Amino acid sequence: MCERKGFLVRSSFLGTHVTALTFHENVLLVGEGPNILVYENTSWKCFYKMKVFKAANIHGIRNCSCDNDFKLPFVAVYGSKFLSVLKLSAEDSLEIIQGQHKFEDWILDVCWLRNKNIGSPSEEQRFLAIVLAHNTVLLWNWRESRIQHKIECEVKCILYSASFLGNVWEKLILAGGTVFKEVVLWPPSGTLNENKRISPFHRLTGHQGVIFSIHYNHKKHLLCSVSDDRSIRLWRFILSTSCNSNIDSPQNEFSLSQWRSGKFELLHTLSAHQARVWSAWILTSYIISVGEDSSLCIWDMSGNLLRKDKCHNGGSVWSLTVNEEETLAVTGGNDSGVTVWYLNELLSSLQVTSTKLPQKGYDDFPRNVALISSMQKHSILVSTDAGVLCTYCPNTDQWDVIHQEISFRSYSSLAVSSCGFWVGWGNITGKCLIFSCSDEDRLSLKKELQLHDGKVHSVLWVSETPRLILTCGPSGQLCLSQIEKDFLPMILYKLFLPRCKQHWTSAGKYVSQFSLLVVGSRDGSVHVYSGLTCMVDHPSDSTGYSQNPTKTFHCIHGKNGVTDIQVQHDILYTSGRDGRVLLYKLGRNTVTRLRTLKTPGEMEWIGMFKFIGEDTILFGFHTTNFISWSTLLQRPLVELPCGGGHRSWDVKLNSETGEMAFACIKKTSILWNQSYLLKTVQSSLVKTSIHGQQIYCILHLCQVCIKTENFNLIATGGEDNTILISRMSYNEATSQANLEVLCRLAGHISSIRGLASCPMTNVANSYLLVSVGGRAQLIVWNLTISHEEDVECKELDHHFLWTVDKPHHKPWQNRTVETIPDALTRYMSVAIFSSHKEGWSTETTLIATSCSDAFLRLFAFCIKKGKITHLKTIPCGVNCMQGVVSMPTPFRCLITTGTDGCLKIWDNNKFLSNIKDSARRLLNENSEKPKMANVESKEDREKINIISKKLYSLNEEEHEPLLTVRLHQSGINAISTYKITETYLMLCTGGDDCSLTIQVVIGGQGSVPRIVSSTSVPSAHAAQISGVSFLNEKYVVSTAVDQQVNLWKINWLREEKTISLELLHSKLTSIPDASHLQAWKYRASDMWTICVCGEGVEIFTFLLTT
Amino acid sequence: MGRSSKDKRDVYYRLAKEEGWRARSAFKLLQINEEFCIFEGVKKAVDLCAAPGSWSQVLSRKLRGQSANPDDVKIVAVDLQAMAPLPGVIQIQGDITEESTAHQIISHFKGEQADLVVCDGAPDVTGLHDIDTYIQAQLLVAALNITTHVLRPGGTFVAKIFRGKDITLLYSQLKIFFPRVTVAKPRSSRNSSIEAFVVCQNYSPPEGYVPTMANPLLNYDCVDFDELEGPNRIIVPFIACGDLSGFDSDRTYPLELKEGKEYVYHPPVQTPIDPPYKEACELKKQQQLAKPGMSSGKLEEHRFDEYVPVPADTIDSKAFQLCFRSPQDNSLISQVALSTCDNMESSLSRLNLETDNSSS
Ligand SMILES: C[S@@+](CC[C@H](N)C(=O)[O-])C[C@H]1O[C@@H](n2cnc3c(N)ncnc32)[C@H](O)[C@@H]1O
């Protein structure tokens, strides 16, 4: 209607809640917002996408494949009050047969009805049964789009869920779930009572809350209902004995009289979900349920929980479907992700098996286990208390003694190489035995080495080619030896491990490409020894254990030790018992810390990890369970109860066969398990997960041209404490955009509310990113786009206003933090700003955060030192602050907004004037990081204390804003600035009061800013405005919780000093609860991109021709 | 985080406890009244979706306070959930969207009419905004329908709304019955939340309008979805109410609100009696939630209903909590204050359960 001047704003990308899933013929249909996506059902390739509804989300997709003799090529798609009938055509596209029919009320379920009377071919099928939210059923002739009957139930109330039982109108039963905790079953074709309504047959009571979904398995006569009370109730329908119990149709359908006289019996109440349950399916031998606690539960028919897996990135699991063969389940979530669960693989091995050592008349017990591959089989290698090394083959239940030696009694240390063919076994006397096996032969002793003059604390295979073994003897003596096929061992290097409490290594990796050895120790430190080449004629025996590490990351994994070290390309990964995986960049002689890998919060510690294709699989423990977790799928693959992980254990995963073997020791038993995960590992991903919860902020970082490709980098952050760095690409031919998640940045402990960035001055395609959020946390990152079109993300520094109670990964920092008791302050927004005053070098970035405790806080980040310093705390009134933005140069002002509707302009230079001396000195000299190795020293601690006291003293300072204006009745949720000239600036604000304002500010070059023109549109949106962004001085876009994206024309007459806004175009977004928006121009064309975020992300594109 | 953390993050939650309100929502009604004087001359009022009852408390205190004879005042409170008694408040437990409940309410007004109908109803939001706003709208429509039966011409109707994409449709429905419709946002309602309140004044039903129970106002929903886009939508004026210099619900306050005024922790005043997740919470506390590999038989052994909720304090002190006692020896297993809406987060965190983040 308002397509004036031909603004064709189109939605080019949408990532939001996946609320419907259905298998149909050989495809999987996915409902995401108003769109239907069609995926091939084995490769999971998306080959078709279509927007089905204009203003509604898809809540259900129904076909009629539940019976073999009743199949139609059609699917009914519904959502809100709309229904469409689609057909999958031969060209693999969807064809709309009946589009967007609007009903009077919300649709809860749709059922394809058999043509009972006609008995004609299915093409003649004409009727759908539709249930509406006020407990009303419609018999709808979809071909003629005509309502044949409208039937109401006697129980008139709002239903939260409903499900049809059967598919023949005359025998159809509706099961409706009420707010009042009941499932009401009634027959739409039954007899009307005196009120012209139908009385229910049954009312199932017992749930303690709203019923969210109902599923019926007509072969087993079982019904399940799920509820607000977090339980699933399983009911069985039993025919009454008085009634003739022969079921009169091949479809197992009961007649209405049978339905009436029979009864429902509660079989089980299933409780395992920790929040509301959204949906459950009854299969032949399992029940699957999903819920708000982002987990999927699989139960057996007796109500035992078989598996419970967290998935979808901490968001709700909204949708669930199972294929006809019941071999796979698919779930869709809040995170826009869709993932496949191969039931056979998942349920093939749920338990560990327990084995004991064969008893030989004395009490022997296992000390260490490891997994080896000999004769193409996994077997378990065990070293025992009696000094026996033996293998156990689970498949044949056979034990073989490999070696036995008295000096290996009561203590030994065992290690198997990652290929599974090489074994190192060390003892208390400094001896290490080398065994190997191949595909043909069994494990045998190949070499005996006397490496140390005391206890071999650990044995580690640190490299395959060359084959290197690292042993750790007493007092930190490390021996790196090469062992090749000829078994002529050669000690290459003798190294010294810096002193620590448990003075030995726990993980190691040799990187031949860079001649580096990286070692992890029991105190959680990572040590790097560089320049270790593996020349064969390298002499070394003579030297003592004196070589120190060239670099140490002190206690980087907390107190409990480093568990594994691996390398992929030039990125080093370390894992620890602190449940984290850290990334580093490798170079010749250098190792630089990059960032933390996003790992599941519930994994208490990570013991090992393995790269398979694009995936990194983590192995670790949660309470008493062993877990293997896929970072690609962001969900567990296997979870086994094993009694915790504080004893000897091993795991091997073969990427070609998908075979996973696990073994551990529990008391005197060996527990083991074999799982087959080929499909799970290879093709479980249908659609990538974005954010699990609401997105609060979006930032277009840059648009650069790399190898003729336009590279748009976007950062998003929100409720799930994660920052996603994504690449946006745009296909001009299809006008479709795509978001590819490159990196998930972990580190925030509460939701992320603000992002800001600036380019690094000295490095091309490199940016500083600042993120702030809840619990008064600020992180500075560096992002660099490499030539491989990849992005390298690095955490530079981290700042809290308070002391973190858990071990900090940079412990020396804890001490410089001023402890402010109030840790609950939220940082609402962040800006990077500049100062005119000399002395602030380009090496220092100034950061301002607006805080929920009504303060503005200023920080400096020194690039050279990689350190954040808190400069000042400025009181800003009595209200919670909202936004902070920096005016473009030459204005040198900060603008802040608050929940009182006031906008304030502050002078940057005044902020910084009187910290010239003290703070600058602190920044440049005193804040020298203490040397990590001796951070414990008393002297250093005192020095740090002095610094922190000094900082505290210049903490709070009163300032007067240059300008204060009240623009809105309540909060200013959105603000955008645009520089028109060197003296004129435009400001746009959007408020909680639904109004939009534009201000023209004159200022710059030292003059006090003044508003010269101003306008306000009171009801610019129907709900609170949450995002505004200028395109240029003529156009601005806004979005609000009413889900409109409005494009406004700005009419500004400089001479007359008048300004007005005119709504040009309005477009509905599919993102509920829109919280932010940003617009930018795409490359050198006239095409603009608008990115809206909230409960998901939507990207709009349009041409702006002036 | 300690028990005071919620007090720091949510000043109105804290004030409600200090002033003896059952929920922080009380301030919303008080602030709406400051702006619109909705209690003026009101003797008979209906409070729909009233549990745990802070709006009823406000009505009871204000109406009975301003009336010469407090017994002339009639307040009918309705909720799905059970609610502890209040002086002069008639209580009905039921679903306001259900016809039978509507009849029950109307029956209390035989021959008389109410001066004010308020509805603070909200579904337990699912997180799917279209469903949540639909249900919210249905609560509003149900409330409006009840209102058309009981409200005197010229009376006032105040109801909570979620400002979603279909909000203009609701505005157009309200406009049919009330010439003055305003959207109000009390300062005690979070800036970021989607909730707001419609204040509908001077009830004037269309001429010849006969209230009916059968099809609650659905017929009026004739606006087409095409009208969702574009500028011709019905938009009603917005008013932020409450004192600007008063407390800000978004701000994080220090525990010492005024200098020298020492912080004292106050327990929640009143909590709903039977929240749906009570049993599940208890199972979790007892570590009885199923874990893979555990047989379900165990679950049945410790049924929740063996634990008896006992008021910890006497009822008239209005502070009562749920105590769970062991069926074996009657020892106190746990004492929990469970609650809905406003202070769910804190009680859940005390129960060591994940909270839904939507509320913060
Ligand atoms: C925000 S609380 C009301 C708080 C109340 N005004 C006070 O001040 O204490 C919302 C209430 O709506 C109730 N509710 C939700 N749906 C309802 C329905 N269909 N019928 C009756 N009450 C309902 C809930 O039980 C809940 O107690």
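For clarity, every value in this text was computed on a predicted model and none was experimentally measured.
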Are B:T97 and B:Q138 linked by a side-chain donor-acceptor pair shorter than 3.5 Å? no

Out of A:Q694, A:H968, A:M881, A:H17, which one racks up the most heavy-atom pairs below 4.5 Å with chain B? A:H17

Assign the ring pair A:F82 / A:F53 to parallel, tilted or perpendicular, where the plane angle (0 to 90°) is split at 30° and 60°. tilted

Honestly, the part of B:I96 sitting under 4.5 Å from a heavy atom of chain A is neither

With only heavy atoms counted, which part of A:S80 is less than 4.5 Å from chain B, the side chain, the backbone, both or neither? neither

Contact class of B:T126 relative to chain A, heavy atoms under 4.5 angstrom: both

Side chain, backbone, both or neither: which part of A:D900 has a non-hydrogen atom closer than 4.5 Å to chain B? both

Taking all atoms of both residues into account, what is the closest heavy-atom pair of B:V125 and A:R276, and its distance? O-NH2, 2.6 Å

Atom group of A:Q1024 that falls short of 4.5 Å from chain B, counting heavy atoms: both

For B:L139, which atoms come within 4.5 Å of any heavy atom of chain A: side chain, backbone, both, or neither? neither

I need the A:F855 CZ to A:C880 SG distance, nearest 0.5 Å. 12.5 Å

B:E195: salt bridge (Lys or Arg N to Asp or Glu O under 4.0 Å) partners, not counting sequence neighbours: B:K28, B:K160

Given A:H207, A:Q882, A:K308, the one with more heavy-atom pairs under 4.5 angstrom with chain B than any other is A:Q882

Interface residue of largest heavy-atom contact number with chain B, from A:W318, A:Y160, A:W278, A:W299, under 4.5 Å: A:W318

By a 4.5 Å heavy-atom criterion (distance strictly below it), what part of B:S189 contacts chain A: side chain, backbone, both, or neither? neither

Output the distance between atom CD1 (B:I32) and atom CD1 (B:I239), rounded to the nearest 0.5 Å. 11.5 Å

Okay, A:T19 and chain B: the region with an atom under 4.5 Å from a heavy atom over there is side chain

Go through the atoms of A:S231 and report whether side chain, backbone, both or neither lie under 4.5 Å from a heavy atom of chain B. neither

Check the orientation of B:Y134 and A:H134. Use parallel for under 30°, tilted for 30 to 60°, and perpendicular for over 60°. perpendicular

Could you tell me which residues satisfy salt bridge (Lys or Arg N to Asp or Glu O under 4.0 Å) with A:D309, sequence neighbours excluded, listed by chain and number? A:R307

Heavy-atom contact with chain B under 4.5 Å, split by part of A:L350: neither

Roughly how far apart are B:R163 CZ and A:D1042 CG, rounded to 0.5 Å? 9.5 Å

When only pairs under 4.5 Å are counted, which of A:H273, A:E639, A:R966 shares the most heavy-atom pairs with chain B? A:R966

